[in-house]
K.L.:
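Below are the structure tokens for one structure; questions will follow.
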Amino acid sequence: MTKLTDATNKLREVMSRCGSPEGRNRRFLAKFYVLLTMIFILGTMIDIFRMGEDEFEEKIFRFKSINILISGLTFPLVDRDTYRLITMIDDRDSSDLGIKLSKAQKSFQTEMDSKLDKINNQMYVVSVVIYTLLIFGPLLSAIILISTRFLSNAQVYITFEDLSLPINFWYPAEFENSFTYIFLYALQTFYMYHFSGYMYCTVAAGLMALKKAINEMKLLCLIVEDWDKEKITERKMEETINLKMEINIAADIRERLINVVKLHDSICRKVSSLNSSLEKMYTVFNNTICFQICICLYSSSKMDDLVLKIEHLMLMIPLSLITFLYCSIAQNLLNEGEKFRELLYWGSSFVDKPKWFRTSLLLIMTRTSKELEIRPYGFYVLNLRTFSMVLNAAYSYFNMLNSLKSRI
């Protein structure tokens with residue numbers, strides 16, 4: 001069993017553990033997760049409406065929670081897309097299409113598979129870091145608040161309104177006691193565990209499927225380069241050996257060309273499928289991460305609580321990393337498509353090839369004129385420019401919040 005198979009099995013296992021098994025209806029756990037999300041959203045909205053006009057920062061933090069909850073609500077709803085991406089990662093297009101690879105090409109494929117496993121491990125670590133920050137940040141802040149007042153012998157009574165939850169929302173005042181606080185914290189820890197599991201599977205599957213398409217484009221370029229490396233040898237053979245061998249050489253060239261056509265067509269279909277599978281999740285990610293970075297900037301500059309200020313500063317790192325990863329990988333897919341076009345135009349040495357070869361190559365060149373791009377709902381192209389747009393929008397919203405605060 002390869003590392004890549006282990007990675008996809010791990011993704012399936014986590015998805016099933018969260019209540020969304022492959023090929024079956026969602027289990028009670030996934031439905032309970034959705035129900036909790038709706039309750040938390042409703043409770044947070046009620047909390048916002050009950051706040052006064054002077055509680056601007058608290059309202060902003062509640063909107064931050066709603067933003068996270070809405071993104072969490074989409075994870076179980078795109079579970080079929082996630083499984084479709086996992087299946088794409090498992091697919092071996094070169095083997096399924098009957099393409100015979102050289103030893104160098106097989107070695108390259110093995111090396112690329114190990115890099116896919118590395119992406120999976122990185123996303124697992126990022127998900128654990130986000131889960132840890134969201135859960136233990138408020139708990140550490142509550143412990144420090146209680147300890148500080150206890151050690152200073154302050155006579156100020158600590159209410160449970162002073163203690164933060166991972167997701168702050170409204171509940172009746174008569175239930176403000178230690179049991180309710182511990183129960184809600186445990187419930188939200190359970191919720192955030194499944195939130196992080198869904199996020200890990202969704203993000204890792206999307207990044208690995210994109211990277212798999214890039215690796216197949218690189219393999220395609222290797223196949224084209226290999227037939228050009230052998231063109232001198234083939235020409236010498238044509239001059240010195242009999243007609244039968246020339247026919248065999250032509251058949252070999254034809255087979256290589258057919259392999260290129262089949263693999264390129266498979267990649268184009270895969271990218272089209274990637275577009276439909278990724279458009280929901282990446283639209284949600286772009287908006288969610290933009291808003292989260294904005295609030296993290298605002299809270300780290302305005303909050304008095306040092307622990308929560310550090311938490312929000314640290315939270316920006318994995319959020320920015322996730323955005324950069326999927327934008328840079330989508331940019332690499334565009335770059336590999338451009339590299340393949342250049343290789344066909346300038347590196348394929350088609351002048352001395354038969355007419356049928358030149359005609360087939362012209363058809364491939366026509367097909368490559370369409371960019372291999374990820375375009376969520378057709379509104380924009382996912383690339384490194386998208387990453388800069390997300391960060392610029394987050395900073396613009398941060399300035400807008402500062403402006404609104406100064407007017408209140």
K.L.:
How close do Arg17 and Leu29 get, heavy atom to heavy atom, and via which atoms?
P.N.:
O-CD2, 3.1 Å
K.L.:
Using only atom types and a distance under 3.5 Å, with no angle test, would you say the side chain of Ser276 pairs donor to acceptor with the backbone of Ser273?
P.N.:
yes
K.L.:
Under the side-chain contact (heavy atoms from CB on, under 4.5 Å) criterion, do Phe49 and Ile46 qualify, and how do the steps go?
P.N.:
CA-CA 5 Å; Phe49 287 124; Ile46 293 173; 5.7 Å; no
K.L.:
Please check if atom OH in Tyr193 has more than 12 non-hydrogen atoms from other residues, nucleotides or ligands closer than 6.0 Å.
P.N.:
no
K.L.:
So Gln331 and Phe387, do their side chains get closer than 4.5 Å, heavy atoms only?
P.N.:
no
K.L.:
Under 6.0 Å from the six-membered ring centre of Tyr298 and within 45° of its axis: does the NZ or CZ of Lys64 meet both?
P.N.:
no
K.L.:
For Arg375, I'd like to know if atom CZ has over 12 heavy atoms of other residues, nucleotides or ligands within 6.0 Å.
P.N.:
yes
K.L.:
Nearest 0.5 Å, what's the SG-CE distance between Cys294 and Met316?
P.N.:
10.5 Å
K.L.:
Is it true that atom CE of Met112 has more than 12 heavy atoms of other residues, nucleotides or ligands lying nearer than 6.0 Å?
P.N.:
yes
K.L.:
Tyr181 pairs by ring-ring contact (aromatic ring centres under 6.0 Å, His included) with which of Phe179, Phe183, Tyr185?
P.N.:
Tyr185
K.L.:
Give the C-alpha distance, both sets of side-chain angles, the deciding distance and a yes or no for side-chain hydrogen bond (donor to acceptor under 3.5 Å, both in side chains) between Tyr282 and Asn287.
P.N.:
CA-CA 9 Å; Tyr282 281 162; Asn287 289 281; over 6 Å; no
K.L.:
Return the CD1 to OG1 distance between Ile167 and Thr37, rounded to the nearest 0.5 Å.
P.N.:
8.0 Å
K.L.:
Which atom pair, heavy atoms only, marks the closest approach of Leu334 to Leu382?
P.N.:
CD1-O, 4.4 Å
K.L.:
Quick one: does Asn9's side chain have a donor or acceptor within less than 3.5 Å of a partner on Thr5's backbone?
P.N.:
yes
K.L.:
Given the rule in the side-chain contact (heavy atoms from CB on, under 4.5 Å) test, do Leu36 and Gln188 qualify, once you have shown the distances and angles that lead to the verdict?
P.N.:
CA-CA 9 Å; Leu36 274 181; Gln188 292 187 8; over 6 Å; no
K.L.:
So do the side chains of Ile317 and Val129 get within less than 4.5 Å of each other, counting heavy atoms only?
P.N.:
no
K.L.:
Looking only at heavy atoms, what is the nearest atom pair of Lys280 and Asp81, with distance?
P.N.:
NZ-OD2, 3.5 Å
K.L.:
Does atom CE of Met38 have more than 12 heavy-atom neighbours from other groups under 6.0 Å away?
P.N.:
no
K.L.:
Is any side-chain heavy atom of Thr202 closer than 4.5 Å to a side-chain heavy atom of Asp79?
P.N.:
no
K.L.:
With a sphere of 6.0 Å drawn around OH of Tyr124, does it hold more than 12 non-hydrogen atoms of other residues, nucleotides or ligands?
P.N.:
no
K.L.:
Answer whether the closest heavy-atom distance between the side chains of Met123 and Leu325 falls below 4.5 Å.
P.N.:
yes
K.L.:
Might you point out which heavy atoms bring Ile135 and Pro166 nearest each other, and give the distance in Å?
P.N.:
CD1-CG, 4.0 Å
K.L.:
Given side-chain hydrogen bond (donor to acceptor under 3.5 Å, both in side chains), test Arg84 with Ser277 step by step and report yes or no.
P.N.:
CA-CA 7 Å; Arg84 197 178 301 121; Ser277 299; 3.1 Å; yes
K.L.:
Would you say Lys115 has more than 12 foreign heavy atoms packed within less than 6.0 Å of its NZ?
P.N.:
no
K.L.:
Check whether any side-chain N or O of Ser328 sits under 3.5 Å from a backbone N or O of Phe324 as a donor-acceptor pair, and report yes or no.
P.N.:
yes
K.L.:
Walk me through it: do Leu73 and Leu69 pass the test side-chain contact (heavy atoms from CB on, under 4.5 Å)?
P.N.:
CA-CA 6 Å; Leu73 186 62; Leu69 291 167; over 6 Å; no
K.L.:
With a 4.5 Å cut-off on side-chain heavy atoms, are Tyr397 and Leu401 touching?
P.N.:
no
K.L.:
What's the spacing between Met199 CE and Ile68 CD1 if we round to 0.5 Å?
P.N.:
10.0 Å
K.L.:
Main chain of Asn399, side chain of Ser403: is a donor-acceptor contact present, judged purely on distance under 3.5 Å?
P.N.:
no
K.L.:
Please find the pair of heavy atoms, one from Gly337 and one from Met217, that lie closest to each other, and give the distance.
P.N.:
CA-CE, 3.9 Å
K.L.:
Using a 4.5 Å cut-off on heavy atoms from C-beta on, say whether the side chain of Met389 contacts that of Cys290.
P.N.:
no
K.L.:
How close do Asn275 and Pro376 get, counting heavy atoms only, and between which atoms?
P.N.:
OD1-N, 4.5 Å
K.L.:
Enter the distance from Leu42:CG to Ile66:CD1 here, rounded to the nearest 0.5 Å.
P.N.:
9.5 Å
K.L.:
If we check ring-ring contact (aromatic ring centres under 6.0 Å, His included) with Phe75, which of these qualifies: Phe195, Tyr200, Tyr191?
P.N.:
Phe195
K.L.:
I'd like to know if the side chain of Thr132 and the backbone of Val128 have a donor-acceptor N/O pair within less than 3.5 Å.
P.N.:
yes
K.L.:
Should the pair Phe32 and Phe28 be assigned to parallel (<30°), tilted (30 to 60°) or perpendicular (>60°) ring geometry?
P.N.:
parallel
K.L.:
Are Lys10 and Asp6 close enough for a salt bridge, meaning some N to O gap below 4.0 Å?
P.N.:
no
K.L.:
With a 4.5 Å heavy-atom cut-off, do Cys18 and Tyr33 have their side chains touching?
P.N.:
no
K.L.:
Using only atom types and a distance under 3.5 Å, with no angle test, would you say the side chain of Asn392 pairs donor to acceptor with the backbone of Tyr395?
P.N.:
no
K.L.:
Hey, is Glu336 close enough to Arg341 for a salt bridge, meaning N to O under 4.0 Å?
P.N.:
no
K.L.:
Return the CD1 to CZ distance between Ile295 and Phe63, rounded to the nearest 0.5 Å.
P.N.:
9.5 Å
K.L.:
For the OH atom on Tyr377, are there more than 12 heavy atoms of other groups (residues, nucleotides or ligands in this structure) within a distance under 6.0 Å?
P.N.:
yes
K.L.:
Looking at NE2 of His194 and OH of Tyr198, how far apart are the two atoms once the value is rounded to the nearest 0.5 Å?
P.N.:
7.5 Å
K.L.:
Does the side chain of Lys270 come within less than 4.5 Å of Lys212's, by heavy atoms?
P.N.:
yes
K.L.:
For the side chain of Thr8 and the backbone of Ile89, is there at least one donor-acceptor N/O pair under 3.5 Å apart?
P.N.:
no
K.L.:
Run Lys262 and Ser266 through side-chain contact (heavy atoms from CB on, under 4.5 Å) and show every step you take.
P.N.:
CA-CA 6 Å; Lys262 289 195 294 186; Ser266 173; over 6 Å; no
